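Below: the structure, in structure tokens.
Note that the structure is a prediction, hence the values are computed from the model and not measured.
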Amino acid sequence: MSADITTRADVAVPVTNPLPKAGPTTTARRRRFRAAALLTPLGSLGAAVGVWYAVTYLLLSPARRFLVPPPDQVLTVSFLDWTHLQPMLQALWLTAQVALVGLLIASALGMTVAVLMSRARWLERSLYPYAVILQTVPILAIVPLIGLWFGFGFTSRVVVCVLIALFPMIANTLFGIQSVDRTHHDLFTLQRAGRWSRLRKLELPAALPSIFTGLRTSSGLSVIGAIVGDMFFKQGEPGIGTLLDVYRSRLQSEDLFAAIILASLFGVAVFALFTLIARLAVGSWHASAERP
């Protein structure tokens with residue numbers, strides 16, 4: 001019996017169905033995704049520069065070409081000349097301070113109002129219409145009132161930022177709190193959790209994706225508000241919006257385009273910063289982490 005078992009053990013069993021070759025690894029997919037994420041913006045940037053050149057040299061006559069100077073002229077006249085670039089960077093720094101202070105105030109105030117509205121339905125019915133009105137009122141229509149009430153300096157610029165950036169924080173925070181899964185609420189009910197314990201341990205953590213969506217939106221609106229405030233409230237040091245108005249009145253087209261580009265890059269940087277913070281905060285458990 002033992003010899004028979006040994007003989008059978010010595011017989012090699014051929015593999016008739018080999019496993020298929022493994023497909024691309026997750027790392028390779030991620031590398032391709034990152035390469036595409038990098039090349040796509042570069043391609044669109046190249047197309048935008050090409051359109052810019054086409055408008056300058058094909059659509060405008062030489063006598064009117066100063067209205068849209070070519071990119072290389074903007075680069076050499078404004079970006080590579082420190083006497084032109086320095087005041088723009090100083091003005092951008094002041095605008096960044098205004099936008100940051102306004103965003104912090106709008107975020108804290110918006111989240112507080114949203115939490116209060118989520119606690120009582122009558123508060124939501126009472127306050128939410130005014131938040132909508134605040135969003136729909138043209139900010140330029142109330143700029144004179146803001147100047148009369150708060151002066152024409154730094155404070156008024158911050159107020160403009162808060163008014164513009166407040167509604168997305170209220171709307172997104174309230175939506176996130178009210179969208180918590182009912183089964184999770186039932187679990188907290190079984191544990192006899194109080195309202196504030198439920199808010200701190202369940203509703204606010206679950207609302208983080210919506211809150212960060214509001215932050216990304218409000219961050220861009222805060223930059224816009226800071227630039228608008230610079231244009232209308234000119235007491236104190238000039239912001240980038242003040243320089244935009246000055247360059248426009250003096251027909252300094254190269255500096256005007258350079259200031260617009262700097263302001264746009266600053267807005268993109270702020271949006272990208274909050275996008276990164278959102279991924280670090282909620283990407284480990286939210287569905288957005290499933291992206292390659």
Side-chain angles (χ1 to χ4, degrees), residues 48 52 56 65-109 134 137-166 168 215-274:
W52 187 351
T56 302
R65 198 162 290 166
F66 71 94
L67 296 174
V68 185
D72 59 289
Q73 190 172 332
V74 174
L75 179 65
T76 55
V77 172
S78 298
F79 285 112
L80 299 182
D81 189 341
W82 183 245
T83 59
H84 288 250
L85 183 61
Q86 183 181 15
M88 295 184 200
L89 294 178
Q90 292 176 345
L92 184 64
W93 169 241
L94 177 64
T95 301
Q97 296 177 54
V98 174
L100 179 60
V101 174
L103 179 62
L104 291 176
I105 296 175
S107 302
L109 183 60
L134 186 66
V137 170
I139 192 65
L140 298 182
I142 61 175
V143 160
L145 290 177
I146 295 174
L148 291 175
W149 294 340
F150 300 99
F152 295 87
F154 186 90
T155 303
S156 293
R157 301 178 189 182
V158 172
V159 170
V160 172
C161 291
V162 173
L163 292 178
I164 292 180
L166 182 60
L215 273 173
R216 290 198 298 270
T217 305
S218 294
S219 63
L221 293 176
S222 182
V223 173
I224 295 174
I227 295 174
V228 171
D230 290 340
M231 290 183 172
F232 286 91
F233 306 118
K234 301 180 180 179
Q235 288 185 0
E237 298 182 8
I240 196 69
T242 307
L243 292 188
L244 287 172
D245 198 33
V246 170
Y247 296 150
R248 177 195 58 80
S249 62
R250 296 178 181 176
L251 294 180
Q252 296 177 241
S253 299
E254 294 85 1
D255 291 336
L256 179 60
F257 273 82
I260 292 173
I261 292 172
L262 284 177
S264 301
L265 291 177
F266 172 65
V268 171
V270 172
F271 183 87
L273 174 63
F274 280 99

Determine whether [X] and [Y] make a side-chain contact, defined as any pair of heavy atoms from C-beta on separated by less than 4.5 Å.
X    : Y    : value
F79  : L262 : yes
M88  : Y247 : yes
I146 : L163 : yes
R250 : V246 : yes
D230 : L243 : no
W52  : P70  : no

(message) Can you tell me how the ring of F233 sits relative to the ring of F152, calling it parallel under 30°, perpendicular over 60° and tilted otherwise?
(response)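 F233 and F152: tilted rings.
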Tell me the closest heavy-atom pair linking [X] and [Y], and the distance in Å.
X    : Y    : value
D81  : V77  : CB-O, 3.2 Å
F274 : R216 : CB-CG, 3.9 Å
C161 : V98  : SG-CG1, 3.8 Å
I227 : A263 : CD1-CB, 3.8 Å
L244 : A259 : CD2-CB, 3.5 Å
L94  : R157 : CD2-NH1, 3.2 Å

In Å, rounded to the nearest 0.5 Å, how long is the span from [atom1] of [X] to [atom2] of [Y]?
X    : Y    : atom1 : atom2 : value
F266 : I240 : CZ    : CD1   : 10.5 Å
I261 : L75  : CD1   : CG    : 9.0 Å
E254 : H84  : CD    : NE2   : 8.5 Å
I260 : L256 : CD1   : CG    : 4.0 Å
L85  : L92  : CG    : CG    : 10.0 Å
F257 : L67  : CZ    : CG    : 8.5 Å

(request) Take T242 and F232 through the side chain to side chain contact (heavy atoms under 4.5 Å, CB included) test and state the conclusion after the steps. (result) CA-CA 8 Å; T242 307; F232 286 91; over 6 Å; no
So, [X] side chain and [Y] main chain: donor-acceptor pair closer than 3.5 Å or not?
X    : Y    : answer
T56  : V68  : yes
S218 : P168 : no
T76  : D72  : yes
S222 : A165 : no

(request) Answer yes if the side chains of S78 and D255 hold a donor-acceptor pair under 3.5 Å, and no otherwise. (result)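 On atom types as modelled, these side chains qualify, holding a pair under 3.5 Å.
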